[in-house]
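Just so it is clear: chains get the letters A, B, ... in the order the sequence lines come, proteins before strands, and each one is counted from 1. Both backbone and side-chain heavy atoms feed into the values below; hydrogens, waters and symmetry mates do not. Because the structure is predicted, anything quoted here is derived from the model rather than measured.
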Amino acid sequence: MIDVLYFAWVRERIGLPKERVETAAATVADLVAELSAREERYAAAFADLSALKVALDQELSDFDAPLAGVREVAFFPPMTGG
Amino acid sequence: MIDVLYFAWVRERIGLPKERVETAAATVADLVAELSAREERYAAAFADLSALKVALDQELSDFDAPLAGVREVAFFPPMTGG
Amino acid sequence: MSVRVDPAPFDAGAELNRFAAAQTGAGAVVSFTGVVRDVAGGLLEMQIEHYPGMTEKAIAAMVDTALDRFGLTGALVIHRHGVLGPDDPIMMVATAAPHRKDAFAAAEFLMDYLKSRAPFWKKEVTGDGTGWVASKDEDEEALDRWGGA
Amino acid sequence: MSVRVDPAPFDAGAELNRFAAAQTGAGAVVSFTGVVRDVAGGLLEMQIEHYPGMTEKAIAAMVDTALDRFGLTGALVIHRHGVLGPDDPIMMVATAAPHRKDAFAAAEFLMDYLKSRAPFWKKEVTGDGTGWVASKDEDEEALDRWGGA
């Protein structure tokens with residue numbers, strides 16, 4: 001079980017801020033493929049990965065990073081703070 | 001007649017902040033030569049012109065600048081404000 | 001080091017004075033305040049979303065890097081989230097160092113990293129609707145001068 | 001534009017707030033405060049001499065240049081003279097612009113010019129005697145990045 005968090009327009013497109021996901025995905029990209037296969041709203045949110053960032057356990061990471069031992073995955077667009 | 005002002009260690013070395021000088025000097029360098037010829041304290045203050053700056057009518061200038069029409073000449077070391 | 005992520009408004013002047021008073025051996029104190037701008041006209045509010053937990057960690061890591069890299073005597077970061085109006089202060093950074101060059105560089109470093117590496121997202125609400133603020137290439141490129149990442 | 005050359009102490013935070021409140025269309029406000037540092041230890045006082053008349057003119061010219069060159073919405077310069085003690089604020093600069101890059105650049109520009117082109121001279125008084133602060137080559141060199149003069 002892994003916590004998956006969504007922020008900004010990713011959250012709006014998928015329609016929820018957070019969910020627990022039962023997955024055996026080896027990498028972030030595998031998880032994205034699993035979620036995208038679920039429902040159209042996931043596929044729409046993940047359509048262009050170059051427009052997205054991912055954090056693993058609150059550290060910026062990459063889509064090819066392994067998920068072993070990770071408890072929290074977050075997907076979001078590039079940051080616009082400051 | 002021209003007002004001549006001295007600041008910082010130039011003022012201290014010459015021993016006064018300001019004086020009126022009757023001069024026919026054509027350039028700043030000529031004025032410096034005239035003053036240096038007067039007394040040792042002037043010669044000491046003007047010994048190394050590379051350590052000094054000059055302003056004409058409150059604008060930074062050069063030692064070879066003409067004095068025609070100038071009412072106020074100021075000599076001082078490089079600035080250290082800020 | 002002081003990091004605050006908070007919906008509450010802050011008083012930039014009071015924060016600057018408190019920060020400066022706490023420094024020892026600093027000849028230079030630099031502050032930056034970011035203000036909500038109504039760029040297109042008609043901005044009603046600016047909503048700032050963030051990622052609780054990661055935000056504080058990410059900013060603390062940037063501040064640690066800045067303290068070390070620029071030899072700061074101290075650094076302060078305040079960033080609001082929630083609903084803001086035009087002309088509201090969004091965030092501030094303050095840095096202090098023995099020399100001005102380091103204080104300036106550290107403030108710019110922190111701003112560049114906050115813009116692109118702290119998990120905040122801005123949404124503009126106007127009379128015509130709402131829209132997420134897009135990230136700018138120049139913000140990402142600004143990180144290059146610090147050696148990337 | 002606001003330039004103040006004055007022996008009186010100033011409240012940097014209050015000045016920053018007053019300055020920021022007067023800006024229109026500024027997304028970025030940067031401040032710099034310079035503080036008397038006791039570099040060698042034993043500093044009793046710092047005396048700041050200036051050239052009344054030229055000081056104000058020179059600073060006003062720098063500020064005009066900065067407003068134009070960096071597209072500022074406003075700029076503030078305060079510089080004290082007379083007798084100061086360790087940790088006293090000597091001077092401050094504040095700049096405001098639509099974007100942070102310009103506000104930062106303008107504040108650094110003004111600081112670089114103030115250091116080397118505004119007629120102020122510092123004298124340190126310690127238990128061992130007094131001495132004029134020497135200008136630094138790096139301060140003169142700092143002007144090069146702005147295209148000289």
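Interface remark: D/Ala96 contributes no atoms to any contact with chain C (heavy atom separation under 4.5 Å). For a residue to count as touching a neighbouring chain, one of its non-hydrogen atoms must lie under 4.5 Å from one of that chain's; by this rule D/Lys101 does not touch chain C. With a 4.5 Å cut-off on non-hydrogen atoms, D/Ala26 touches chain C through its backbone but not through its side chain. In this structure, the portions of D/Asp112 lying under 4.5 Å from any heavy atom of chain C include both its backbone and its side chain. Contacts between D/Ala14 and chain C at a heavy-atom distance below 4.5 Å involve the backbone alone (N, CA, C, O). D/Pro98 touches chain C through backbone and side chain together, each having a heavy atom under 4.5 Å away.
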Give the intermediate values and the outcome of side-chain contact (heavy atoms from CB on, under 4.5 Å) for residues D/Leu114 and D/Ile59.
-> CA-CA 7 Å; D/Leu114 276 167; D/Ile59 297 177; 3.7 Å; yes

Go through the steps to decide whether C/Arg80 and C/Asp88 satisfy the test side-chain contact (heavy atoms from CB on, under 4.5 Å), and finish with yes or no.
-> CA-CA 10 Å; C/Arg80 296 178 65 188; C/Asp88 280 358; 4.1 Å; yes

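Annotation: maximal heavy-atom pairing with chain C below 4.5 Å, among D/Ala94, D/Ala103, D/Pro89, D/Ala28, occurs at D/Ala28. Here D/Val29 is the residue among D/Thr24, D/Val35, D/Val29 with the most heavy-atom pairs under 4.5 Å with chain C. Contact count against chain C (heavy-atom pairs under 4.5 Å) is highest for D/Ala107 among D/Ala107, D/Ala20, D/Pro86, D/Ala142. Between chain D and the options C/Glu138, C/Lys115, C/Gln23, C/Glu15, heavy-atom pairs under 4.5 Å are most frequent for C/Lys115. The candidate with the highest count of non-hydrogen atom pairs below 4.5 Å against chain C, out of D/Asp38, D/Val39, D/Leu16, is D/Leu16.
D/Asp102 places no side-chain N or O within 3.5 Å of a backbone atom of D/His99 that could act as its donor or acceptor partner. With D/Ser116 contributing its side chain and D/Asp139 its backbone, the two residues share a donor-acceptor pair below 3.5 Å.
D/Trp146 and D/Phe70 have perpendicular rings, their planes meeting at more than 60° on a 0 to 90° scale where under 30° would count as parallel.
Between D/Glu140 and D/Arg117, at least one side-chain N (NZ, or NE/NH1/NH2) sits under 4.0 Å from a carboxylate O, which counts as a salt bridge. Residues C/Asp11 and C/Arg18 are not paired through a salt bridge, judged by the lack of any N-O separation under 4.0 Å between the basic side chain and the carboxylate.
For the pair D/Met111 and D/Met91, the minimum side-chain heavy-atom distance is below 4.5 Å.
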